[in-house]
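First the structure, in the form of structure tokens, and then the observations on it.
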Amino acid sequence: MFEVLKVDHIGIAVKDLEQAKKFYTEVLGMKAMGEEVVEQQKVKVCFIPSGDSEVELLESTAPDGPIAKFIEKNGEGIQHIALRVDNIENALADLKEKGVRLIDEKPRYGAGGASIAFVHPKATGGILLELSERK
Ligand SMILES: C[C@@H](C(=O)O)C(=O)SCCNC(=O)CCNC(=O)[C@H](O)C(C)(C)COP(=O)(O)OP(=O)(O)OC[C@H]1O[C@@H](n2cnc3c(N)ncnc32)[C@H](O)[C@@H]1OP(=O)(O)O
Ligand SMILES: [Co+2]
């Protein structure tokens, strides 16, 4: 059993994190949190909270990383949507049982210490879906 709790964040692929951040902070007047490099995903990220959810800006740290590949193919823009779940182990077991195509069968390290796993866009109607649990 698991439950989806909320939209955790919207992941936006950008070429230049500093530059992209300015739109949210200077134009929209939002407050950016600190940056973090997540080596496993080959990204540098910055979260910008909005109410109970966040915008996640992602800049690639390597030319073969998922964000670099996404931008090469599609240009900058929304790369994934993350839903917060109450129990990611249960969620993955449940989706697997339902035959849903998973990218990660086991939780991986996510920014800020979250446990995350990705579901393939072919299984969701075209959206790369991140599941995220925070203890
Ligand atoms: C730090 C962390 C956090 O929040 O804590 C993060 O967010 S890390 C965020 C960055 N990390 C990740 O994205 C990790 C998970 N992503 C991946 O494993 C990969 O990017 C895949 C999603 C499997 C795509 O891989 P790759 O680009 O090699 O595959 P591909 O180009 O052959 O794409 C296969 C099909 O999926 C589609 N496709 C690919 N990426 C997509 C995306 N982001 N959104 C929607 N559709 C997408 C392609 O158009 C293609 O469809 P057609 O066949 O119809 O043309
Ligand atoms: Co994310």
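Atoms within each ligand, like the ligands themselves, are counted from 1 in listed order.
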Considering the heavy atoms of [X], write down every atom of ligand 1 situated less than 4.0 Å from one of them.
| X | value |
| --- | --- |
| His9 | 4 (O) |
| Ile103 | 18 (O), 22 (C), 23 (C) |
| Gln41 | 8 (S), 10 (C), 11 (N), 12 (C), 14 (C) |
| Gly110 | 5 (O) |
| Phe70 | 42 (C), 43 (N) |
| Phe118 | 6 (C), 7 (O), 8 (S), 9 (C), 11 (N), 12 (C), 14 (C), 15 (C) |
| Lys69 | 28 (O) |

[X] side, atom [atom1]; [Y] side, atom [atom2] - distance, nearest 0.5 Å:
| X | Y | atom1 | atom2 | answer |
| --- | --- | --- | --- | --- |
| Glu59 | Ile71 | CD | CD1 | 8.5 Å |
| Asn90 | Met1 | CG | CE | 9.0 Å |
| Lys31 | Ile48 | NZ | CD1 | 11.0 Å |
| His80 | Ile103 | NE2 | CD1 | 11.0 Å |
| Leu17 | Thr61 | CG | OG1 | 11.5 Å |
| Tyr109 | Gln41 | OH | CD | 11.0 Å |

Among Ser60, Ser132, Pro121, closest by any non-hydrogen atom to atom 40 (N) of ligand 1: Pro121
message: Which option wins on minimum heavy-atom distance to atom 4 (O) of ligand 1: Lys44, Glu54, Arg108, Glu56?
response: Glu56
Under a heavy-atom criterion of less than 4.0 Å, does [X] contact ligand 1?
| X | value |
| --- | --- |
| Gly126 | yes |
| Glu36 | no |
| Lys122 | yes |

- request: Check whether any side-chain heavy atom of Leu131 lies under 4.5 Å from a side-chain heavy atom of Val119, and answer yes or no.
  value: yes
- request: Check whether any side-chain heavy atom of Leu28 lies under 4.5 Å from a side-chain heavy atom of Phe23, and answer yes or no.
  value: yes
field: Glu35/Lys21 ion pair, N-O < 4.0 Å
entry: yes
- prompt: Got a salt bridge between Lys69 and Asp64, using NZ or NE/NH1/NH2 to carboxylate O under 4.0 Å?
  reply: no
As a test of the contact definition, would [atom] count as having a protein heavy-atom neighbour under 4.0 Å?
| atom | answer |
| --- | --- |
| atom 32 (O) of ligand 1 | no |
| atom 26 (P) of ligand 1 | no |
| atom 38 (N) of ligand 1 | yes |
| atom 23 (C) of ligand 1 | yes |
| atom 9 (C) of ligand 1 | yes |

- prompt: Considering all heavy atoms of both residues, which atom of Ala20 and which atom of Val14 are nearest to each other, and what is their separation?
  reply: CB-CG1, 3.7 Å
task: Can you see which heavy atom on Phe2 is nearest to which on Val85, and at what distance?
output: CD1-CG1, 4.0 Å
Quick one: nearest non-hydrogen protein atom to [atom], plus distance?
| atom | result |
| --- | --- |
| atom 30 (P) of ligand 1 | Lys73 NZ, 4.1 Å |
| atom 16 (N) of ligand 1 | Leu128 CD2, 4.0 Å |
| atom 13 (O) of ligand 1 | Gln79 NE2, 2.9 Å |
| atom 5 (O) of ligand 1 | Ala111 N, 2.8 Å |
| atom 20 (O) of ligand 1 | Pro66 CB, 3.7 Å |

query: What's the verdict on salt bridge (Lys or Arg N to Asp or Glu O under 4.0 Å) for Glu105 and Lys96, showing C-alpha distance, side-chain angles and the deciding distance?
result: CA-CA 8 Å; Glu105 297 210 345; Lys96 196 175 174 185; 3.1 Å; yes
task: Tell me, yes or no, whether the heavy-atom count around Lys6 atom NZ, taken from other residues, nucleotides or ligands under 6.0 Å, exceeds 12.
output: yes
- request: Indicate whether the side chain of His9 and that of Glu54 have a donor and an acceptor atom separated by less than 3.5 Å.
  value: no
query: By atom name, which N, O or S atom belonging to His9 lies closest to the Co ion (ligand 2)?
result: NE2
message: If I take the Co ion (ligand 2) as the centre, what angle separates the NE2 atom of His80 from the OE1 atom of Glu130? Nearest 10 degrees is fine.
response: 80°
query: Taking both backbone and side chain into account, is any N, O or S atom of Glu56 nearer than 2.8 Å to the Co ion (ligand 2)?
result: yes
